[in-house]
Amino acid sequence: MVYSVILAGGSSSRMKGPVNKTLIKLCGKSVIRRSVEAFSALSDQMVVVCHQDVRQDLIREVGEASVSCPVGFVNGGNTRQQSVLNALLSLDIGDEDLVLVHDAARCLVSREIIMNVISSVRSCGSGVPGIAVSSTYKVCDAQGLVLQTPDRSSLYEVQTPQGFIAKDLLHASLKASEEEFEGTDDASLMEHYGYPVRIVPGSKSNLKLTTPDDLNAAELILRGGIPSMRVGMGYDVHRLVEGRRLVLCGVEIPWDLGLLGHSDADVALHALMDAMLGASGLGDIGRHFPDTDDRFKGISSLLLLKETNRLINDAGFSVRNADITIVAQKPKLMPFIPQMILTVSEALQIKEDAVNIKATTTEKLGFEGRGEGISAYAVCVVD
C-alpha cells in the first residue's frame, strides 16, 4: 500500500488573504484540489490533515477533484509533526506499506517527483526531493556576525513529498512524541532516530506557496511563464422606487427608496460582474442570469457575484483587482464603503486592497442627479 498524507493545516498567516491558502484558486482550480489530484493515481489511500474550521470547505473541494482512491480527513495538531502523527494513527499500516508526506501548499508537484520518491523508498527505505543550492549561505550568531560558510556543494534545499516505510515513520513519530523531540520536517525526525534519508531530484517548479508572490510565480508556471492580463469594463443602471431595499456592493443601505430589478438590483455588483465576464470573454450577466429566469427573482447579487467568480475561475482566470464607481445623488455612501470593500473582497477571495470602491454625484444633473436612479461603472483586471 502507498499512503499519501496531505498536510493542509497551516495557519496561512504569511499569505495575508481572506481564506486558508489551500482554498485559493490557481488558474481556476484550488490549491488543495491540485495537490490531491497529483497524488491520486499513485496512492492507494490519502489522508488530508486540516483544521476543523476549514474541514467542510476542503471536503467540498476534494469532492470536486478527480480522485481515484479513498480520501479521509483528520484534525491537525499544534505542530506539523503532531499533524503527521495524527494521520499515521488513522491508517491501518502494514510492514510493507509506504507513506508519502506532502505539504498541500506544494500543489505543482510533478508525477515524476512522486514516482522517484516512491521508487527510492522501495529501494532504500526513504526518498526526499531536494535541489542542490546555488547560492552561498552563512551561519551567523544572534548579532548577525558570520560564524562559518558551509560548503554549498553538499547542501540541498529539501521539498515534499517525503517518503518512508510507513511503520518506520510511525515508530519515529511516536518516540519523538514521548521524548518531546521536534524535528523541522519528517526527514530530520528520521535522521534523529538513525534512519537513513536519501535525496532524490526535486524541482524549482515544486515551490511552496507561502506569500502572495509565490501565488504569482505559481500562476506563471501554470501558464507556461506567459502573463495573460486582461481588462474588462461593466456598466449598469437601475431605477429608484419605493418599497424596495437599497443594496449596493452587498451592503444594505438605510434609505426610503430602493432599486428596482429582477434580483436585488445591486447595480454596483452587476457592473462588476459584467466587467469580470467581459475580461474573461464570457459575455455578460444577461447571458448567465437572465431576468426571465424565476430562479434569480429576488436573489442576492452577492450569490451571483460568487457564481460569476466560479465561472471565470473555471475558464482559467482570477480577479486581480476591481475598481467600482457608484453614481448617486443620495444617499451619502461614504460611511458604507469600508464594509462594501470587505464584502466584495471576501466574495472574490482576494485581498481588501485589491478592491477599490468610490461614490460620486452628478451635481444634480441627469437621472442620477434628479434622484430617479443609480448607475455604476466597474473595471477589473483578470489573469
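Since the structure is predicted, the reported quantities are computational estimates derived from the model, not experimental observations.
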[X] and [Y]: side-chain donor and acceptor closer than 3.5 Å?
X: Lys25; Y: Ser318; answer: no
X: Ser188; Y: Asp185; answer: yes
X: Tyr235; Y: His270; answer: no
X: Arg198; Y: Ser126; answer: no
X: Glu352; Y: Ser345; answer: no

Answer yes or no: does atom [atom1] of [X] have more than 12 heavy-atom neighbours from other residues, nucleotides or ligands under 6.0 Å?
X: Glu242; atom1: CD; result: no
X: Lys358; atom1: NZ; result: yes
X: Glu112; atom1: CD; result: no

Where at least one partner belongs to residues 81-99, residue pairs that pass salt bridge (charged side-chain N to carboxylate O under 4.0 Å, His left out), sequence neighbours excluded: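 The answer is none; no pair qualifies.
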
Other cluster members, Tyr137 - Ile/Leu/Val/Met/Phe/Trp/Tyr, side-chain contacts below 4.5 Å: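 Val133, Leu155, listed by chain and number.
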
Co-members of Val241 in a cluster of I, L, V, M, F, W and Y side chains, linked at under 4.5 Å: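 Under the 4.5 Å side-chain rule, Val241 groups with Leu260.
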
Arg55 vs Asn75, side chain to side chain contact (heavy atoms under 4.5 Å, CB included): CA-CA, chis, key distance, verdict: CA-CA 8 Å; Arg55 176 181 281 207; Asn75 290 335; 3.0 Å; yes

Centroid-centroid under 6.0 Å between Phe296 and His262 rings: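 Centroid separation for Phe296 and His262: 6.0 Å or greater.
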
Trace of the side chain to side chain contact (heavy atoms under 4.5 Å, CB included) decision for Asn321 with Cys380: CA-CA 6 Å; Asn321 75 290; Cys380 79; over 6 Å; no

Note: Arg244-Asp264 ion pair, threshold 4.0 Å (strictly below):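 Not counted as a salt bridge, because no side-chain N and carboxylate O are separated by less than 4.0 Å.
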
salt_bridge(Arg33, Glu61) N-O dist < 4.0 Å: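 Looking at Arg33 and Glu61, the cut-off is not met.
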
Which atom of Ile113 lies closest to which atom of Gly202, heavy atoms considered: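 Where Ile113 meets Gly202 most closely, the heavy atoms are CD1-C, 4.1 Å.
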
Leu342 with Val344, same ILVMFWY side-chain cluster at under 4.5 Å: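 No, Leu342 and Val344 fall in different hydrophobic clusters.
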
